[in-house]
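Structure, as structure tokens:
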Amino acid sequence: MLHAKSRREANTLPFRADIAVSIAPLLGVETNQIEQMLEIPPNSELGDFALPCFTFAKILRKSPVSIAQELIKAPLPACISKAVATGGYANFFVDRVLLAKDVLTAIENDGTSYGAKDIGRGRVVCIDYSSINIAKPFHIGHLSSTAIGHALYNLYNFMGYRSIGINHLGDWGTQFGKLLAAYELWGEGVDIENGGVDIMVKLYVRFHEEAEKNPELDDMARRWFKRIEDGDELALSLFTRFKEATIKEVMGIYDLLGIQFDSYAGESFYNDKMQPVVDELKAKGLLILSDGAYIVDLSDEDMPPCVILRSDGATLYATRDIAAAFYRKNTYDFAKCLYVVAYQQNLHFRQWFKVVEKMGYDWTKDLEHVNFGMVSLADGGTLSTRRGNVVKLQDVLDSAVAQARDIMEEKSPDLDNKDEVAKQVGIGAVVFGVLYNARIKDIAFSFERALSFDGETAPYLQYTHARCQSVLKKAGNKAAEPAYGVLDNEFAFAVLRALSKYPDTLENAMGKNEPYLIARNLIEIAQAYNRYYYEVRILDGDEANTAARLGLTHAVGTVIKGGLSLLGIAAPDRM
RNA sequence: GCGCCUGUAGCUCAGUCGGAUAGAGCAACGGCCUUCUAAGCCGUGGGCCCGGGGUUCGAAUCCCUGCAGGCGCGCCA
């Protein structure tokens with residue numbers, strides 16, 4: 001019954017279909033229409049499901065109130081314990097004991113796979129995320145793409161897809177000519193391999209300062225970039241050293257976050273793959289010469305044209321993205337290809353998606369720009385590498401871990417793996433911070449908020465999980481058959497209700513590419529459980545009742561651990 | 001100027017297909033640890049849901065319009 005088929009909405013309890021089947025005939029409508037109309041009352045005292053009857057009033061020529069009163073007299077399915085008419089609403093109460101049994105048994109059986117479905121049927125979804133720039137610091141502005149992309153990567157895998165994580169490196173462009181020029185001028189004694197991105201930024205910033213006074217430097221940079229393009233040995237080897245040093249440094253952060261990519265094919269990778277795209281566009285008559293540049297006209301779509309070739313013949317961002325899309329389609333035969341990139345680039349993606357569509361490829365519909373809000377600094381100012389106005393992610397993570405460590409020193413000094421747990425808690429807090437709100441929201445970064453461990457945060461979830469583990473450990477192995485009747489109270493029911501909607505939440509989160517839906521559901525579960533924990537003693541009384549309460553505890557711990565893991569966050573057993 | 005996005009409590013945000021009394025967290029104040037982890041729980045205060053029209057039995061939600069902020073608008077990425 002729990003696995004009733006077409007529950008497409010999140011935030012529903014099971015049993016929806018059963019109610020619809022029993023009352024639809026009385027109204028003379030399709031059951032699935034009723035199923036969709038069923039809603040959840042504002043508070044559970046009114047009921048667990050409600051059908052507003054106002055829309056039927058005209059058709060049936062009766063008042064909503066009397067319709068509701070008739071509906072509740074219908075023979076009810078076994079899972080509904082009672083029905084009440086309140087105003088124009090028919091309210092249904094689910095059998096809470098049955099719900100407890102269904103939900104807890106499902107979680108007991110499935111473990112952290114609870115909620116997993118095989119929607120993907122093994123098909124591939126490419127996820128382009130994090131996509132760092134070579135020779136630039138990994139700052140908090142990159143965290144959204146990294147955390148959202150990673151969560152989606154996990155979620156799609158969980159739902160039966162095969163995720164391919166692609167770090168589309170920003171490793172091409174004239175800025176590297178500047179970097180090499182700067183290195184030629186002032187690079188003596190600079191240790192590329194160990195100086196990290198810091199020394200690269202220093203060179204880059206100095207170049208910009210001096211180029212303002214001395215324009216000849218720009219020519220020098222252009223020459224260096226030309227040498228990279230032409231495959232000049234010295235230029236290439238220098239550039240490769242900068243690139244590898246950057247990747248080595250950022251690997252440290254990816255390790256902390258537990259992220260791995262399946263591909264690091266970045267911009268330079270597509271250098272030799274753009275000409276075929278240009279040729280095809282030309283062959284299909286889409287390429288137009290305009291002001292010396294080759295463009296695809298998009299005026300019929302009310303968009304500015306998409307520039308494919310600059311007037312000097314050089315390729316652009318869009319050219320590369322189109323070539324990359326073809327490469328990914330040919331290499332992975334994806335069912336979906338997601339681009340986790342800030343909304344700043346909305347127009348860019350709309351443009352080149354349309355170009356691919358004009359080329360006649362129906363898989364354009366499988367391309368999706370998963371956009372997200374901009375990060376600024378809470379105390380004003382925008383992030384800018386050039387102006388040195390950055391908050392490095394490494395610093396944020398380090399501070400968070402240090403703070404977690406301090407708190408543990410105070411609250412649980414006898415823990416033996418404090419460093420490990422501090423890492424999980426501190427990093428979890430930072431990551432959760434960007435996964436808790438809808439993607440589109442802008443973020444004004446502040447240390448104070450990022451390092452908050454109270455309330456709706458990862459540490460709160462981790463704490464709740466650890467609490468569950470602690471109770472379960474203390475209980476030991478009890479084999480009694482659970483007496484679910486003991487869970488027939490408002491506190492347990494709130495927990496069960498939150499647990500029961502988790503599977504739909506996951507599906508909805510994937511459909512919308514919105515990890516925050518998972519985060520919110522987990523918080524709801526934890527809040528309900530912490531209330532329950534305060535109100536009801538778990539290890540108490542006879543074994544059958546205790547077994548049911550332990551079942552609830554185990555379920556909460558399992559779902560929180562599983563959900564956090566989807567978000568890329570660890571859940572320690574003690575903290 | 002044009003296009004897109006955002007606007008809900010002091011702050012950060014939820015609010016499902018239009019539904020019942022608009023919800024959380026933080027901050028403030030007041031309570032709860034001899035009992036399973038107090039990184040927790042409970043309570044109090046706090047709202048012109050940006051403004052104005054409209055549609056509807058019913059609007060934070062849909063439509064129109066205005067305002068404010070963000071982003072973008074052919075040869076950067």
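Letters A, B, ... are given to chains in the order of the sequence lines, protein chains preceding strands, and every chain is numbered from 1. Worth knowing before you read on, the calculation uses all heavy atoms, side chains too, and leaves out hydrogens, waters and symmetry mates.
- Residue-to-nucleotide contacts include no donor-acceptor pair under 3.5 Å from the side chain of N521(A) to the base of A14(B).
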Taking only N/O atoms, report every protein-nucleotides 5-9 of chain B pair under 3.5 Å with atom names and distance.
residue	atom	partner	partner atom	Å
U6(B)	O3'	K441(A)	NZ	3.4
G7(B)	OP1	K441(A)	NZ	3.0

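- Rounded to the nearest 0.5 angstrom, L567(A) CG and L564(A) CG are separated by 6.0 Å.
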Produce the list of close N/O pairs, under 3.5 Å, pairing protein atoms with atoms of nucleotides 21-25 of chain B; give distances to one decimal.
residue	atom	partner	partner atom	Å
A24(B)	O2'	E456(A)	OE2	2.2
A24(B)	O2'	Q527(A)	NE2	3.3
G25(B)	O4'	E456(A)	OE1	3.3
G25(B)	O4'	E456(A)	OE2	3.0
G25(B)	O2'	E456(A)	N	3.4

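- Stacking here means ring centres nearer than 5.5 Å and ring planes tilted less than 30 degrees, and by that measure Y533(A) does not stack onto G40(B).
- When both pairing distances are held under 3.5 Å, U55(B) makes no Watson-Crick or G-U pair with any nucleotide shown.
- Across all strands shown, D291(A) has heavy atoms under 4.0 Å from base atoms, whether or not it also approaches the sugar-phosphate.
- Atom OH in Y534(A) sits roughly 9 Å away from atom P in C32(B) (whole-Å rounding).
- Separating the CG atom in L281(A) from the CG atom in L309(A) is a distance of 9.0 Å, to the nearest 0.5 Å.
- As the counterpart of G47(B), no nucleotide is assigned, since no Watson-Crick or G-U wobble pattern has both distances under 3.5 Å.
- Here S412(A) lies out of heavy-atom contact (under 4.0 Å) with every strand.
- With hydrogens and angles ignored, the 3.5 Å screen pairs a side-chain donor or acceptor of N521(A) with a backbone N or O of A498(A).
- Side-chain contact check for D442(A) versus Y343(A): some heavy-atom pair is nearer than 4.5 Å.
- Following rounding to the nearest Å, Q424(A) (CD) and A39(B) (P) show an atom-to-atom distance of 18 Å.
- T55(A) comes within 4.0 angstrom of a nucleotide base, judged by non-hydrogen atoms across all strands.
- M303(A) comes within 4.0 angstrom of nothing in the nucleic acid, heavy atoms only.
- Out of A20(B), A39(B), G74(B), the shortest distance to the side chain of K411(A) is found at A39(B).
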Notebook entry, point to check: Taking it one step at a time, do Y339(A) and F349(A) satisfy ring pair (Phe, Tyr, Trp, His ring centres under 6.0 Å)?
Noted result: CA-CA 9 Å; Y339(A) 297 85; F349(A) 281 102; 5.3 Å; yes

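- When the salt bridge (charged side-chain N to carboxylate O under 4.0 Å, His left out) test is applied to R405(A), the partners found at least two apart in sequence or on another chain are E409(A), D419(A).
- With sequence neighbours excluded, the residues satisfying side chain to side chain contact (heavy atoms under 4.5 Å, CB included) with S290(A) are I295(A).
- Applying the side chain to side chain donor-acceptor pair (under 3.5 Å) test to K62(A) and every residue at least two apart in sequence or in another chain returns E70(A).
- Within residues 312-321 of chain A, the residues having any heavy atom under 4.0 Å from RNA chain B are, by residue number, L316(A), Y317(A).
- A cation-pi geometry, defined here as NZ or CZ lying under 6.0 Å from the six-membered ring centre and within 45° of its normal, does not hold between K243(A) and F239(A).
- Contacts of D300(A) classified as salt bridge (charged side-chain N to carboxylate O under 4.0 Å, His left out), with partners at least two apart in sequence or in another chain: K358(A).
- In this structure, CE of M408(A) is placed 16 Å from P of A38(B), rounded to the nearest angstrom.
- Under the Watson-Crick and G-U wobble criteria, each requiring two contacts below 3.5 Å, nucleotide G1(B) is paired to C73(B).
- The CG-C1' distance, from L347(A) to A77(B), rounds to 14 Å in whole Å.
- Salt-bridge formation is not detected for the pair R350(A)/E301(A): no Lys NZ or Arg NE/NH1/NH2 atom is positioned less than 4.0 Å from an Asp or Glu carboxylate oxygen.
- When both pairing distances are held under 3.5 Å, A20(B) makes no Watson-Crick or G-U pair with any nucleotide shown.
- Comparing G19(B) with A77(B), their C1' atoms are spaced 47 Å from each other, to the whole Å.
- Side chain of R574(A) to main chain of V421(A): no donor-acceptor pair is present (N/O by atom type, distance under 3.5 Å, no hydrogens or angles).
- With sequence neighbours left out, the side chain to side chain donor-acceptor pair (under 3.5 Å) criterion links Y294(A) to no other residue.
- In this structure a side-chain-to-backbone donor-acceptor pair under 3.5 Å is present from T319(A) to I308(A).
- Against RNA chain B, the stretch residues 60-69 of chain A makes no heavy-atom approach under 4.0 Å.
- Close to C57(B), at under 4.0 Å from its OP1 or OP2, lies a side-chain N or O of K58(A).
- Of all nucleotides listed (A14(B), C41(B), U37(B)), U37(B) comes nearest to the side chain of V471(A).
- Contact annotation for Q462(A): no contact, since no heavy-atom pair falls under 4.0 Å across all strands.
- Nucleotides C13(B) and G53(B), compared at atom C1', are 29 Å apart to the nearest Å.
- Side-chain proximity of M374(A) to the nucleotides G15(B), C71(B), C73(B) is greatest for C71(B).
- Residue-level contact check: F54(A) touches the bases, meaning some heavy atom is under 4.0 Å from a base atom.
- R350(A) comes within 4.0 angstrom of no nucleic acid atom, judged by non-hydrogen atoms across all strands.
- Here the C1' atom of nucleotide G40(B) and the CZ atom of R531(A) are 13 Å apart, to the nearest Å.
- Residue D297(A) is out of contact with every strand shown, counting any heavy-atom pair closer than 4.0 Å.
- Residue Q344(A) places at least one side-chain N or O under 4.0 Å from the OP1 or OP2 atom of G72(B).
- Only R449(A), listed by number, bring a heavy atom of residues 445-452 of chain A to less than 4.0 angstrom from any atom of RNA chain B.
- Taking atom P in both G51(B) and U61(B), the straight-line distance is 10 Å, to the nearest Å.
- C41(B): Watson-Crick or G-U partner is G31(B), with both key distances under 3.5 Å.
- Under the side chain to side chain donor-acceptor pair (under 3.5 Å) criterion, Y317(A) pairs with Q345(A), sequence neighbours left out.
- Taking a pair to require two hydrogen-bonding distances under 3.5 Å in either a Watson-Crick or a G-U wobble arrangement, G10(B) pairs with C26(B).
- A donor-acceptor pair is defined here as one N or O able to donate and one able to accept, closer than 3.5 Å; such a pair exists between the side chain of S145(A) and the backbone of V340(A).
- Looking at heavy-atom distances under 4.0 Å, V421(A) makes no contact with the nucleic acid at all.
- Side-chain atoms of I407(A) lie closest to A39(B) of the nucleotides G40(B), A20(B), A39(B).
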Margin query: Does F49(A) form a ring pair (Phe, Tyr, Trp, His ring centres under 6.0 Å) with Y89(A)? I'd like the steps, not just the answer.
Written below: CA-CA 10 Å; F49(A) 288 106; Y89(A) 294 87; over 10 Å; no

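- Within 4.0 Å (heavy atoms only), A438(A) reaches sugar-phosphate atoms of the nucleic acid but no base atom.
- Evaluation of the salt bridge (charged side-chain N to carboxylate O under 4.0 Å, His left out) rule for D321(A) yields no partner, not counting sequence neighbours.
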